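A quick write-up on the structure given underneath.
Since the structure is predicted, the reported quantities are computational estimates derived from the model, not experimental observations. FYI, side chains are in, hydrogens and waters are out, and symmetry mates aren't considered; it's all heavy atoms of this structure.
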Amino acid sequence: VQLQASGGGVVQAGGSLRLSCVVTGRTVSSHVLGWIRQAPGKEANFVAGIAPSGGRTEYADSVKGRFTISRDNARNTVYLQMNNLAPEDTAVYYCAASPIRSVFYNVPNTASGYTDWGQGTLVTVSS
């Protein structure tokens, strides 16, 4: 699959941003979709993931209660609503996909669980 993220920008602490990612290629409904972020000089970290139906989600502890992942399969799009942003949320955000290979699949909660990544979109939170 190919993934194209957008929506990054500069926001003050406490503000909100909504990231979008259009997914093309193989059947989107056969993939778990997620968001991964990488701060300058740091390793990439999992942020959120969502099952094809949208019924199952996973979040990193650092974003629970502030970020919400959703998807619109009709539009082949996954979203990340980010509220109450803090300077430590500053990072390049990547949308990513994980193909489903079994009916007993999980929503990966690590960056390595996602095999296809798009280009990133930069989010900068000023204090």
Side-chain angles (χ1 to χ4, degrees):
V1 294
Q2 292 78 47
L3 306 107
Q4 180 80 29
S6 62
V10 180
V11 63
Q12 288 188 330
S16 298
L17 276 178
R18 188 195 197 201
L19 305 183
S20 300
C21 177
V22 177
V23 186
T24 57
R26 296 183 180 177
T27 306
V28 175
S29 59
S30 64
H31 288 72
V32 172
L33 299 178
W35 291 92
I36 295 160
R37 68 186 181 185
Q38 186 168 23
K42 297 187 177 180
E43 65 180 11
N45 288 312
F46 167 79
V47 176
I50 187 168
S53 66
R56 278 192 282 167
T57 57
E58 288 282 345
Y59 292 95
D61 288 343
S62 59
V63 307
K64 282 181 181 177
R66 300 187 300 124
F67 291 12
T68 302
I69 188 171
S70 61
R71 63 191 287 169
D72 183 341
N73 288 338
R75 296 178 183 270
N76 291 345
T77 303
V78 60
Y79 305 97
L80 185 68
Q81 177 67 42
M82 306 185 293
N83 297 328
N84 194 20
L85 283 159
E88 51 266 37
D89 295 316
T90 294
V92 176
Y93 284 72
Y94 300 90
C95 60
S98 175
I100 294 171
R101 306 189 188 280
S102 167
V103 295
F104 303 108
Y105 70 94
N106 293 317
V107 175
N109 59 6
T110 62
S112 60
Y114 295 83
T115 55
D116 300 289
W117 293 32
Q119 99 296 344
T121 186
L122 177 63
V123 173
T124 303
V125 184
S126 61
S127 57

### Query
Can you tell me if CZ on R75 sees more than 12 non-hydrogen neighbours from other groups inside 6.0 Å?
no

### Task
Report yes if some heavy atom in the side chain of E58 is under 4.5 Å from a heavy atom in the side chain of P108; otherwise report no.
no

### Query
If two hydrophobic side chains count as joined below 4.5 Å and joins carry through other members, does W35 share a cluster with V123?
yes

### Task
Determine yes or no for a side-chain-to-main-chain donor-acceptor pair under 3.5 angstrom, with Q38 supplying the side chain and A91 the backbone.
no

### Query
Judged by atom type as modelled, is there a donor-acceptor pair below 3.5 Å linking the side chain of T57 to the main-chain atoms of I50?
no

### Task
Could you grab the distance from atom SG of C95 to atom CD of Q2, nearest 0.5 Å is fine?
11.0 Å

### Flag side-chain contact, heavy atom, 4.5 Å: Q119 against Q4
yes

### Query
Is there side-chain contact between V63 and M82, with heavy atoms separated by less than 4.5 Å?
no

### Task
Determine, using the 4.5 Å side-chain heavy-atom cutoff (strictly less than), whether L3 and Y114 are members of one ILVMFWY cluster.
no

### Message
Are F67 and V78 linked, directly or through intermediate hydrophobic residues, by side-chain heavy-atom contacts shorter than 4.5 Å (ILVMFWY only)?
### Response
yes

### Task
Using the six-membered ring of Y105, assess whether NZ or CZ of R56 lies under 6.0 Å from its centre and within 45 degrees of the ring axis.
yes

### Query
How about C21 and L33: do any of their side-chain heavy atoms sit closer than 4.5 Å?
no

### Task
Tell me whether Y93 is reachable from Y59 by hopping between hydrophobic residues (I, L, V, M, F, W, Y) whose side-chain heavy atoms are closer than 4.5 Å.
yes

### Same apolar cluster (I L V M F W Y, side chains within < 4.5 Å links), V1/L19
yes

### Heavy-atom donor-acceptor pair, S98 side chain to V32 backbone, under 3.5 Å
no

### Query
To the nearest 0.5 Å, what is the distance between CG (N45) and CG (N109)?
11.5 Å

